[in-house]
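Just so you know, ligand 1 is whichever comes first in the structure, and atom 1 is the first atom listed for that ligand. One is the number of the first residue; the rest follow in order along the sequence.
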Amino acid sequence: MQLFDTRSGDLRPLITGHTVRLYVCGITPYDAAHLGHASTYVMFDVLIRLLEHRGHRVRYVRNVTDVDDDILRTARERDVDYRTLAERETAAFDRDLRALGCRAPDVAPRATETVPAIVTAVGGLLARGSAYALDDGRVYFDIASAHDFGRLSRLDRDRMLEQFAEKGGDPEASGKRDELDFLLWQPSGDGEPRWPSPWGDGRPGWHIECSVMAMEHLGGVIDIHGGGSDLVFPHHEAEIAQSEHLTGQGPFARFWLHTGMVGLDGEKMSKSVGNLVFARDLLDRFEGATIRAYVLAHHYRETWSHSDDDLQAACDRVKRWRAAATGDGSDATMEQTLLRCLDNDLDTPRALAALDRLADEGHGESVRRMATVLGLDLGNDLTA
Ligand SMILES: [Zn+2]
C-alpha cells in the first residue's frame with residue numbers, strides 16, 4: 001500500500017508493524033460538524049478499515065480541542081459554560097460521525113484532561129533551550145531552534161506569516177524573538193479557565209496540546225498523523241518542531257496525510273465566510289451511506305465543491321448497490337481490483353467504480369464484502 005506523505009512530498013510505501021498508530025486532529029467543539037469535517041473523518045475511517053482488512057490492528061487516537069479561543073468566545077456569546085458547550089457539541093459530532101458509518105476512535109483525549117502533561121512538556125522544552133518564558137506568563141517555542149521549520153508546508157516566510165496571522169497566531173505580539181514563534185502557554189483572560197503552572201495560572205497553546213495527546217497515547221514516533229490540509233501550517237509544522245525537540249528523536253510521524261478542502265460555489269467552506277454546509281442538515285435529507293458515497297466519490301487530497309446534483313447521484317448509486325447486495329454472486333478478481341485502488345493512495349473514486357461493476361454484474365456477496373471495507377451500510381455487517 002502506498003500513501004502520499006506531505007512531508008516528503010511523494011507517494012511512499014506504507015511499511016508498519018502489525019499495529020498502526022494513527023493520530024487524527026479532532027474538532028474544536030463550538031459548532032456543528034460541516035461537510036469538510038465529515039469528509040476528513042470518513043476518509044480516515046476508510047483508511048482504518050482498509051488497514052484492518054489487510055490484517056493490521058489500528059490504534060486510532062482523535063483528540064477533542066475542548067478549550068481554545070473559539071470555544072471560550074462562543075460560550076461567552078451564548079452565555080453558557082464552555083464545558084457545557086464542548087460537551088454538547090462533542091456529543092452531536094460523535095452522533096453525526098456514527099451516522100456516517102465512522103467508527104469511534106480507541107481514545108478521544110480532551111485537551112482539558114491533558115493540561116498537567118502539557119505543563120510538563122512545556123517545562124521540558126524550556127529545559128532544552130527550545131522555548132522561552134516572558135515575564136507576563138507567556139511561553140513561546142523558539143523556532144530558531146528548529147532546523148527544518150517550514151519543511152512540511154514548504155511555505156516561504158511571507159506566506160508563513162500570512163497563514164500564521166490568519167489561523168490564530170500572534171505575529172505582532174511584543175517580546176517575541178521571532179514573529180513566527182508560537183505560544184506554548186498563555187495567561188488566561190478574565191473569566192477564562194486556568195490551570196496552575198510554573199509560569200503562572202493559565203492555559204496551553206493549541207499546538208502543544210496535540211503533540212502531548214499524540215505522544216501520551218501513541219508514543220514518541222507515530223505511524224500516520226492526519227488532518228485537514230488547512231492544518232499543515234502552522235499547526236502540524238509546530239507539532240513536528242516541538243515533538244521532535246521533546247523526544248530528541250525524529251520523525252514524530254512517519255507519514256503526514258492531509259485531506260483537501262471542501263468548498264461551496266468555488267469558495268472554501270468556513271465559518272468566517274458563513275458558507276457552511278452542516279453534516280446534520282444533509283443527514284436530515286439523506287441516509288449516512290449516501291453522504292459517505294458522495295464524499296468517497298472524491299479523492300481525499302482533492303479540493304472539491306459541494307453539489308446537490310452529485311449528492312442526488314450518490315443517492316441513486318447507493319440504491320443500485322443496495323439492490324445488488326441482496327444477491328449471492330462473487331468476483332474475487334474484481335474485489336482485488338477494488339482493493340488495489342484503495343492501496344494506491346486511497347483512490348476511492350476508482351474503488352467506487354469497481355463497486356459499480358460488481359453491482360452491475362450481480363455479484364452481491366462481493367458488493368457486501370467491499371461495502372464493509374468502504375464503511376457503506378447497505379445492510380452488510382459494518383463491524384466486520
Ligand atoms: Zn491537532
Side-chain angles (χ1 to χ4, degrees), residues 5-7 21-31 33-34 36-41 43-45 47-48 59-72 86 89-90 93-94 97 102 105-115 117-118 121-122 125 141 146 149 151-153 163-164 166-169 182-186 203-247 251-261 270-271 300:
D5 170 33
T6 309
R7 196 174 189 183
R21 291 155 299 175
L22 169 69
Y23 185 90
V24 181
C25 285
I27 52 151
T28 301
Y30 69 105
D31 204 351
H34 59 67
H37 297 130
S39 167
T40 290
Y41 301 116
M43 294 297 184
F44 281 103
D45 189 67
L47 174 65
I48 292 165
R59 182 162 166 80
Y60 176 29
V61 178
R62 189 183 66 218
N63 72 293
V64 182
T65 306
D66 61 348
V67 58
D68 90 331
D69 293 344
D70 290 326
I71 294 192
L72 296 175
E89 294 300 336
T90 303
F93 169 74
D94 289 344
L97 283 202
C102 294
D106 294 286
V107 193
R110 289 163 187 244
T112 50
E113 298 163 350
T114 317
V115 176
I118 294 171
V122 174
L125 287 169
F141 186 86
F149 194 76
R151 155 107 187 259
L152 181 74
S153 57
Q163 293 206 15
F164 189 69
E166 270 170 31
K167 297 175 187 172
F182 52 88
L183 271 172
L184 298 169
W185 189 261
Q186 59 196 320
R203 57 187 178 95
W206 169 33
H207 314 307
I208 190 73
E209 296 173 353
C210 274
S211 283
V212 173
M213 287 186 271
M215 289 191 281
E216 274 220 317
H217 299 285
L218 295 171
V221 180
I222 59 185
D223 293 304
I224 303 170
H225 192 313
S229 56
D230 54 341
L231 297 181
V232 171
F233 192 89
H235 187 50
H236 290 165
E237 198 85 68
E239 274 193 57
I240 291 174
Q242 65 206 0
S243 305
E244 294 183 0
H245 273 248
L246 267 174
T247 59
F252 165 51
R254 297 173 58 233
F255 274 80
W256 284 90
L257 254 62
H258 291 103
T259 53
M261 295 288 102
S270 80
K271 194 163 173 67
Y300 78 92

Chemist: Do Arg21 side-chain atoms and Val221 backbone N/O form a donor-acceptor pair below 3.5 Å?
Modeler: yes
Chemist: Sort by chain and number the protein N/O/S atoms that are closer than 2.8 Å to the Zn ion (ligand 1), and list them.
Modeler: Cys25 SG, Cys210 SG, His235 NE2
Chemist: Out of the candidates Val24, Leu47, Ile48, only one should pair with Ile224 under the side-chain contact (heavy atoms from CB on, under 4.5 Å) rule; please name it.
Modeler: Leu47
Chemist: Give a yes or no on whether the backbone of Val61 and the side-chain of Asp106 come within a donor-acceptor separation of less than 3.5 Å.
Modeler: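 No; zero donor-acceptor contacts below 3.5 Å.
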Chemist: Hey, what's the ring geometry for His37 with Phe93, parallel, tilted or perpendicular (30° and 60° as the breaks)?
Modeler: perpendicular
Chemist: Look at the side chain of Gln186 and the backbone N and O of Pro204, then say whether any donor-acceptor pair between them is shorter than 3.5 Å.
Modeler: yes
Chemist: Between His245 and Phe141, is the gap from one ring center to the other below 6.0 Å?
Modeler: yes
